[in-house]
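Everything quoted here is computed from the prediction, not taken from an experiment.
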Amino acid sequence: MTANSRGTKAAPPAVRQRRLFVLPWPAGARARVLRHCALLAVCALCYSNSLWGEFVHDDIWAITNNPDVRPGSSLLGIFSNDFWGKRMADNTSHKSYRPLCVLTFKLNIVLGGMNPFSFHLVNVFLHCLVTVLLMHTCERCVFEDDNVSFLTALLFSVHPIHTEAVSGIVGRADVLASVLFLLAFLSYIRTTDEVPPTVSVLSFAISLLLGTCAMLVKETGVTVFGVCVLYDLLLLCHKPLVSNLSRHEWKELFRSSSPFIKRACVVSLHVAIIMTLRLWLMGGSMPLFSEQDNPASFSPFLLTRFLTYCYLLAFNAWLLLAPIMLCYDWQVGSIPLVESLWDGRNIASLALALVMLALTLKCITCLEKMKGKEVLVGLLFLVFPFIPASNLFFRVGFVVAERVLYMPSMGYCILVVHGLNRLYSVVSRWGAVALTVSMLVVLLLCSWKTTLPHNAKVHYNYANFLKDKGRNQEAIFHYKSALGLYPRHASALNNLGTLTQQSEEAEDYYRRALDINPQHNRALFNLANLLRSQGNEKEAERMLKESIRFGPHFADAYSSLASLYADQGHSKEANEIYSKGIENCPESSDLHNNYGVFLVDTGHGDHAAFHYQEAVRLKPAHYVAMVNLGRLLRSSNDNKEAELWYKRALQVVRKVDILTPLGALYYNTGRYEEALEVYKEAATLQPDSTDVWLALAQVLAMAGHPVEAEKMTRGIISKSSNCTECYRLLSAIYSKQGNYTEALDALRAALQQEPSDPAMRAELHFSMGNQLREMNQLDEAFQSYKLAVELKPDQSQAWMNMGGIQHIKGDYAAARIYYQRALLLSPGSRLLKENLAKLDRLEKKLHGP
């Protein structure tokens with residue numbers, strides 16, 4: 001049979017391909033709107049409970065304690081310091097240069113203050129934006145079916161691995177970097193389209209800019225350039241790869257590849273420049289991490305490091321595949337090292353290697369046959385963003401960090417949905433239904449499931465939270481739980497020492513912490529303060545110096561050492577320590593405040609005001625510095641300005657320590673009604689304070705309410721059996737009413753309390769003398785004044801009153817002696833001089849000229 005006589009084969013019947021999770025969306029723009037709304041609703045529903053979270057863990061160091069994000073701080077600091085506000089060249093810096101992320105924190109504070117809600121709201125919004133951009137990317141260059149792109153974004157939106165990145169405020173670096181990563185990738189794809197050259201160049205430039213911004217948000221953002229270049233290279237394979245091309249064909253291939261080569265060269269040069277600048281900002285050094293941060297990298301055995309790193313790759317893959325056990329920190333022994341070839345965990349490493357090999361071969365096969373790009377894009381998005389966290393090129397400061405899986409999870413979702421789509425197309429109808437139901441169940445479980453394993457650092461951080469809330473017993477339990485899981489946790493031992501009530505036990509905890517880490521500057525600091533309280537000042541001084549040496553930016557150590565020198569009378573050394581501390585810790589508000597107190601105590605109050613104001617500038621809520629500044633202004637009689645600072649402190653917090661000096665200001669300036677209001681509030685806040693109630697009673701007495709004042713004072717006496725000041729106040733109330741006998745009885749009751757201060761006893765005897773003199777009992781009054789000057793010889797008023805009694809009694813010689821003694825103590829007293837002049841005239845009359 002000739003070729004022409006052969007019958008033609010009938011065309012096979014059309015096969016209808018199944019679609020994964022076919023949704024009843026209407027066609028066109030309305031369908032896109034519905035898909036976007038569905039994604040936004042799911043994202044908001046999953047993370048709405050995070051909106052009311054507080055600043056916790058790294059949030060505190062990156063935001064509340066970061067000087068670069070405070071209002072009024074220089075923008076220059078954001079672009080010269082690391083993520084935590086330290087100088088990039090500093091040896092203690094983590095070298096995490098993320099100025100654009102820090103800038104968003106600063107904008108948050110400028111627009112919404114320090115309210116955590118606004119920070120969390122931005123994080124959830126950015127997660128919604130990443131989800132929508134991922135769907136758009138899949139529609140643009142991954143899947144042909146929009147429903148499959150939607151399902152990929154839906155899986156991404158609910159994946160539990162994103163919990164840390166979205167719910168933790170510092171996770172914004174990963175989420176915002178993913179936004180810029182996708183935008184840079186989409187802009188780069190635009191340059192390969194059939195567009196006018198001007199559009200292509202502009203899109204290329206925008207891609208370079210967005211990729212650089214992604215790196216300035218999070219270091220992993222730079223990997224977008226590798227993704228773009230490889231995607232560009234492999235897309236050039238518009239026909240099957242062959243090895244037996246002719247010379248002409250090779251030239252044609254090179255000519256057609258010329259635009260790619262130019263783009264790749266420009267991208268490579270750009271990356272080289274920005275990475276060189278990045279290394280220059282780091283001061284040419286890599287960050288320093290401890291064994292606790294990344295134990296595998298400190299192992300002296302190459303095999304252990306290799307096997308552990310391989311297992312950690314498999315562990316991260318398992319977190320993406322089955323996020324059953326999640327934790328925001330996997331350090332301090334959570335994942336033991338793989339030290340032997342016979343460790344069963346090596347099977348997981350081998351399984352991951354086989355899967356990645358199979359995916360790579362599948363990708364190559366698809367490119368050979370000019371088929372879809374799903375596997376290629378999935379692998380690029382999965383592998384490249386994870387490379388910086390893999391320990392392959394440099395040591396990282398963590399074992400496993402779920403937040404760094406936020407960006408790679410985009411590739412994971414693409415691969416999973418692509419695989420399910422292929423599986424869906426070959427199974428039976430009932431199998432397809434079962435697969436769809438299973439997918440829905442997985443999505444539902446993902447939106448619910450987030451748990452924590454038994455992790456030493458989790459217990460440690462939760463204990464810190466409990467300690468800050470004053471729940472000390474619970475904190476002790478969790479510190480001990482952390483030590484049970486990781487006995488070498490020096491910080492847990494140190495913090496236990498701060499909570500125990502027994503000094504011997506506290507010292508034991510501190511010394512155990514120092515046995516593990518002799519350079520633990522906080523344990524050195526705490527042990528030094530404990531030894532100082534026990535009188536061992538020499539050893540305390542040595543340890544405080546060690547604490548400063550190992551923690552040159554630990555402001556509390558400078559304050560404590562300077563305080564030790566001040567107590568020893570070494571003001572010069574104390575001043576030098578304070579100056580050095582402020583030089584090394586210029587952003588420490590407490591250090592400025594403490595230095596101000598020291599300057600006031602040493603008679604340099606004129607310089608103290610600057611440091612109080614600096615403390616407030618650095619920490620606008622530093623009410624202690626405000627009160628100290630108010631007291632300083634009061635001492636210089638600047639009452640108006642002092643009042644303003646007291647009121648400013650009260651705007652921060654309503655505390656007795658602020659109300660009482662303000663009340664004293666009102667009392668001493670005759671503003672009794674205002675003083676009454678202030679002291680009443682203080683008494684409400686601290687109802688058990690005898691001093692507050694006594695001050696309130698004094699104000700009542702001066703404000704013309706003697707009955708209320710007496711009643712309140714009697715009430716204080718009934719609750720406090722030893723209240724000398726109460727009896728003094730009663731005496732003043734009775735004396736003002738002319739009830740001198742009752743006033744005298746109150747003073748005698750005060751003396752019966754046997755006050756230990758001689759000056760106090762002298763004042764009481766002096767007051768008794770005044771009452772007796774009012775009752776014309778001059779001899780008894782004289783004896784009371786005499787007792788007063790025996791206890792306090794510099795009491796000029798008592799000497800003068802004794803002279804006055806002798807003057808009245810006609811003993812002019814004795815009167816002159818007492819007057820002259822008083823004049824020596826008060827040489828400017830006009831009254832004394834007049835009394836002496838009267839004596840002179842009387843003596844002249846008696847003895848003649």
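Remark: the backbone N or O of Ala492 is paired with a side-chain donor or acceptor of His489 at under 3.5 angstrom. Proximity of a side-chain donor or acceptor of His159 to a complementary backbone N or O of Leu320 within less than 3.5 Å is detected. Between the side chain of Tyr188 and the backbone N or O of Ser207, no donor-acceptor pair lies under 3.5 Å. The backbone N or O of Asn495 lies less than 3.5 Å from no partner atom in the side chain of Arg522, so there is not a single donor-acceptor pair. Between the side chain of Ser167 and the main chain of Glu164, no donor-acceptor pair closer than 3.5 Å is present. Here the side chain of Asn66 pairs a donor or acceptor atom with the backbone of Ala62 at under 3.5 angstrom. Side-chain atoms of Asn123 do not come within 3.5 Å of backbone N or O of Gly171 as any donor-acceptor pair. Listed for the Asp343 side chain is no donor-acceptor partner under 3.5 Å among the backbone atoms of Asn346. One N or O on the side chain of Thr308 and one on the backbone of Val338 form a donor-acceptor pair closer than 3.5 Å. A donor-acceptor contact shorter than 3.5 Å links the side chain of Asn316 to the backbone of Leu312.
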Checking Tyr231 against Phe185 for the ring pair (Phe, Tyr, Trp, His ring centres under 6.0 Å) test, could you report, in this order, the C-alpha distance in whole Å, the side-chain angles of both residues, the deciding distance, and whether it holds? CA-CA 10 Å; Tyr231 181 82; Phe185 180 74; 5.2 Å; yes
Between Phe143 and His418, is the side chain to side chain contact (heavy atoms under 4.5 Å, CB included) condition met? List the steps. CA-CA 8 Å; Phe143 299 113; His418 172 63; 3.9 Å; yes
Please lay out, stage by stage, how Leu313 and Phe386 fare under the test side chain to side chain contact (heavy atoms under 4.5 Å, CB included). CA-CA 10 Å; Leu313 294 175; Phe386 187 74; 3.3 Å; yes
Take Lys467 and Glu474 through the salt bridge (charged side-chain N to carboxylate O under 4.0 Å, His left out) test and state the conclusion after the steps. CA-CA 8 Å; Lys467 180 167 70 72; Glu474 295 173 79; over 6 Å; no
Phe150 and Leu154: side chain to side chain contact (heavy atoms under 4.5 Å, CB included), yes or no, with the steps? CA-CA 6 Å; Phe150 168 73; Leu154 187 63; 4.3 Å; yes
Side chain to side chain contact (heavy atoms under 4.5 Å, CB included) between Met135 and Thr152, worked out: CA-CA 7 Å; Met135 183 176 71; Thr152 302; over 6 Å; no
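Of all heavy-atom pairs spanning Ser50 and His120, the tightest one is O-CG, 3.2 Å. Nearest heavy-atom pair across Ala523 and Ala513 is CB-CB, 4.1 Å. Closest approach of Ile169 to Asp59, counting heavy atoms only: N-OD1, 3.3 Å. Closest approach of Thr223 to Pro385, counting heavy atoms only: OG1-CA, 3.5 Å. The shortest non-hydrogen separation linking Val227 to Phe181 is CG2-CZ, 3.9 Å. Between Cys413 and Leu155, the shortest heavy-atom contact is SG-CG, 3.9 Å.
Side-chain contact between Arg172 and Thr104 is present, with at least one heavy-atom pair separated by less than 4.5 Å. Considering only heavy atoms from C-beta on, Leu352 comes within 4.5 Å of Met356 through its side chain. Within the 4.5 Å cutoff, side-chain heavy atoms of Glu402 are placed close to those of Leu319. Residues Val130 and Tyr406 meet the side-chain proximity criterion, which asks for heavy atoms closer than 4.5 Å. Looking at Arg140 and Leu186, their side chains come closer than 4.5 Å, going by heavy atoms from C-beta outward. Put simply, the side chain of Leu51 reaches to within 4.5 Å of the side chain of Val124, judged on heavy atoms. Within the 4.5 Å cutoff, the side chain of Phe381 has no heavy atoms near those of the Leu415 side chain. Put simply, the side chain of Ser149 does not reach to within 4.5 Å of the side chain of Val142, judged on heavy atoms.
Note on ring orientation: taking the six-membered ring where Trp is involved, the planes of Phe225 and His270 are perpendicular (angle over 60°, cut-offs 30° and 60°). The aromatic rings of Phe83 and Phe105 are tilted relative to each other, their planes meeting at an angle between 30° and 60°.
A distance of 11.5 Å separates CG of Asp145 from SG of Cys138, quoted to the nearest 0.5 Å. A distance of 10.0 Å separates CG of Leu466 from NZ of Lys469, quoted to the nearest 0.5 Å. Separating the OG atom in Ser178 from the NE2 atom in His162 is a distance of 8.0 Å, to the nearest 0.5 Å. To the nearest 0.5 Å, the span separating CZ on Phe384 from CG on Leu379 amounts to 10.5 Å. Atoms NE2 and NE2, on His459 and His478 in that order, are 7.0 Å from each other to the nearest 0.5 Å. With rounding to the nearest 0.5 angstrom, the NE2 atom of His136 is 14.5 Å from the OG1 atom of Thr131.
A donor-acceptor contact closer than 3.5 angstrom is absent between the side chains of Asn81 and Tyr97.
Tyr47 has its ring centre less than 6.0 Å from the ring centre of His127.
In this structure Arg512 satisfies the salt bridge (Lys or Arg N to Asp or Glu O under 4.0 Å) test together with Asp508, sequence neighbours excluded.
Heavy atoms from other residues, nucleotides or ligands lying under 6.0 Å from CD1 of Ile347 number 12 at most.
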